[in-house]
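As structure tokens, the structure follows; a few thoughts come after it.
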Amino acid sequence: MTNLVIGCGYVGLRVAREWLAQGRQVAVVTRSQDRARALQAEGLVPIVADVTDRRSLEHLPQAQTVLYAVGYDRSGPVPRRTVVVDGLGNVLGALPGRPERLVLISSTGVMGGHGGRWVNETTPCRPRREAGFCGLEAEQVLQAHDLGSRAVILRLAGIYGPGRLPKLADVLAERPVAAPDQAYLNLIHVEDAVRVILAAESEGNTPELYLVSDGHPTTHREFYREMARQLGLSEPEFRPPEPGSRGAEAARDSKRVQNGKLLETFGVELAFPDFRSGLSAVCAGVQRPSP
């Protein structure tokens with residue numbers, strides 16, 4: 001039976017490769033013919049389709065497990081809700097048969113801000129940003145669907161890893177970092193995010209909602225100070241983020257994410273249980289500026 005990945009980006013492609021290495025047949029959805037050829041060369045089965053176009057989804061295969069990991073391209077012309085909410089609805093309507101498990105990648109951003117307090121799966125959601133409202137609505141669309149009883153919703157904290165370190169260019173150039181330095185930052189290394197997604201497929205794990213983080217939130221100040229230290233650079237200075245920017249929004253969404261339910265239910269052991277260990281692995285591969 002095929003496993004299906006819809007949204008073959010930073011996280012989705014890694015999961016597809018892991019399933020492929022396990023000997024599974026893995027179909028992946030992409031909007032690009034060029035990317036389809038590259039994915040096919042890896043041994044994946046590409047399907048050229050767009051979640052915002054229901055007709056393009058007519059040839060989705062019957063799948064044992066479906067991973068829905070579609071991100072939103074802020075530079076594109078399509079409204080966020082069309083991609084995040086309507087796109088998921090289109091896929092749910094187009095899937096043939098009944099997958100045994102559907103994994104939806106959501107975000108802790110749907111929870112909004114809680115004044116730096118600890119939050120868990122029972123904490124009320126108070127989104128303030130469009131991304132949070134759309135993400136929460138998408139979760140509700142899935143929960144109300146017939147497949148909701150077979151779905152695992154994973155609210156991922158900020159994903160980092162090789163090739164994805166926030167503000168890296170500023171830290172390398174030793175420019176002031178525009179960040180809410182005292183606001184909390186919740187993180188999960190991409191390798192651990194993939195481990196969690198693979199574990200979510202297990203029949204023994206309850207199809208519910210889980211918060212996915214390393215469980216050790218830090219402030220933006222401590223994160224960027226540690227990044228600079230591990231890169232052998234001077235401690236960065238900070239400046240307030242521009243009003244209306246993502247940094248300013250992050251300050252309003254400050255909270256600390258617990259991961260106890262995830263660890264207890266899934267039984268996963270995180271490779272990078274805090275940001276320092278994760279940064280150590282990522283920064284080792286970063287090319288430092290010449291003196």
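What's counted below: heavy atoms across the whole structure, side chains too, no hydrogens, waters or symmetry copies. Counting from 1, the numbers follow the sequence of the chain as shown.
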Could you work out, with side chain to side chain donor-acceptor pair (under 3.5 Å) as the rule, every residue matching Gln182, not counting sequence neighbours?
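In terms of side chain to side chain donor-acceptor pair (under 3.5 Å), with neighbours along the sequence ignored, Gln182 is linked to no residue.
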
Do [X] and [Y] have side-chain heavy atoms sitting under 4.5 Å apart?
X	Y	answer
Ile6	Leu67	no
Glu201	Val103	no
Leu13	Leu44	yes
Arg155	Ser106	yes
Leu104	Val152	no
Phe223	Pro166	yes
Pro236	Glu174	no
Leu147	Leu95	yes

Pairwise salt bridge (charged side-chain N to carboxylate O under 4.0 Å, His left out) hits with a residue in residues 255-269, at least two apart
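Non-adjacent pairs meeting salt bridge (charged side-chain N to carboxylate O under 4.0 Å, His left out): Glu208-Lys261.
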
Can you tell me which residue pairs pass the salt bridge (charged side-chain N to carboxylate O under 4.0 Å, His left out) test with a partner in residues 57-75, sequence neighbours excluded?
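Every pair satisfying salt bridge (charged side-chain N to carboxylate O under 4.0 Å, His left out) with a residue in residues 57-75: there are none.
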
Can you list everything that forms a salt bridge (charged side-chain N to carboxylate O under 4.0 Å, His left out) with Asp170? Sequence neighbours excluded, please.
Arg175

Residues that Glu18 engages under salt bridge (charged side-chain N to carboxylate O under 4.0 Å, His left out), provided they are two or more places apart:
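Once residues adjacent in sequence are excluded, Glu18 has no partner under the salt bridge (charged side-chain N to carboxylate O under 4.0 Å, His left out) criterion.
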
Donor-acceptor contact present, side-chain [X] to main-chain [Y], <3.5 Å:
X	Y	answer
Ser277	Asp274	yes
Arg101	Ala200	yes
His220	Ala183	yes
Ser56	Asp53	yes

With rounding to the nearest 0.5 angstrom, report the [atom1] to [atom2] distance, [X] to [Y].
X	Y	atom1	atom2	answer
Thr2	Trp19	OG1	CH2	11.5 Å
Asp253	Met111	CG	CE	11.0 Å
Tyr210	Glu121	OH	CD	8.5 Å
Leu165	Leu279	CG	CG	6.0 Å
Arg24	Gln64	CZ	CD	6.0 Å
Leu211	Thr122	CG	OG1	9.0 Å

Taking all non-hydrogen atoms of both residues into account, name the closest pair between [X] and [Y] and its distance.
X	Y	value
Val110	Gly135	CG1-C, 3.7 Å
Val51	Val83	CG2-O, 4.3 Å
Ala138	Leu88	O-CD2, 3.3 Å
Leu4	Pro61	CD1-CD, 4.3 Å
Val268	Ala199	CG1-CB, 3.7 Å
Leu20	Val26	N-CG2, 3.7 Å

With [X] via side chain to side chain contact (heavy atoms under 4.5 Å, CB included) - residues at least two apart:
X	answer
Thr30	Ser32, Arg35, Ala36, Leu39
Arg54	Asn90, Ala94
Glu237	Pro176
Ala157	Thr108, Asn186, Ser213

With salt bridge (charged side-chain N to carboxylate O under 4.0 Å, His left out) as the test, would you mind laying out the steps for Arg150 and Glu100 before giving the verdict?
CA-CA 7 Å; Arg150 301 186 178 198; Glu100 294 180 12; over 6 Å; no

Hydrophobic clusters here meaning ILVMFWY residues chained together by side-chain heavy-atom distances under 4.5 Å, can you tell me if [X] and [Y] are in one?
X	Y	answer
Ile159	Leu154	yes
Val29	Val85	yes
Ile105	Ile153	no
Ile47	Val91	yes
Val119	Leu156	no

Side chain to side chain contact (heavy atoms under 4.5 Å, CB included) between Asp181 and Glu222, worked out
CA-CA 8 Å; Asp181 58 336; Glu222 286 302 315; over 6 Å; no

Pair Val84, Val70 - check side chain to side chain contact (heavy atoms under 4.5 Å, CB included), show working.
CA-CA 8 Å; Val84 176; Val70 174; over 6 Å; no

I'd like to know if Glu42 and Arg17 make a salt bridge, using a cut-off of under 4.0 Å between side-chain N and carboxylate O.
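Salt bridge flag = yes for Arg17 with Glu42.
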
Quick one: ring-ring contact (aromatic ring centres under 6.0 Å, His included) pairs with a partner in [range], sequence neighbours left out?
range	answer
residues 37-96	none
residues 105-152	none
residues 159-198	Tyr160-His189, His189-Phe272

Is it true that atom CZ of Arg31 has more than 12 heavy atoms of other residues, nucleotides or ligands lying nearer than 6.0 Å?
no

Is the Lys NZ or Arg CZ of Arg164 less than 6.0 Å from the centre of Tyr10's six-membered ring, within 45° of the axis?
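So Arg164 does make the cation-pi contact.
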
Regarding Gln230 and Glu226, do their side chains bring together a donor and an acceptor under 3.5 Å, going by distance alone?
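Yes.
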
Pro46 and side-chain contact (heavy atoms from CB on, under 4.5 Å): which partner among Gln40, Arg37, Gln33?
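Of all the options given, the one that passes is Gln40.
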
From CA spacing to verdict: salt bridge (charged side-chain N to carboxylate O under 4.0 Å, His left out), Arg81, Glu137:
CA-CA 9 Å; Arg81 189 181 184 282; Glu137 187 177 356; 2.4 Å; yes

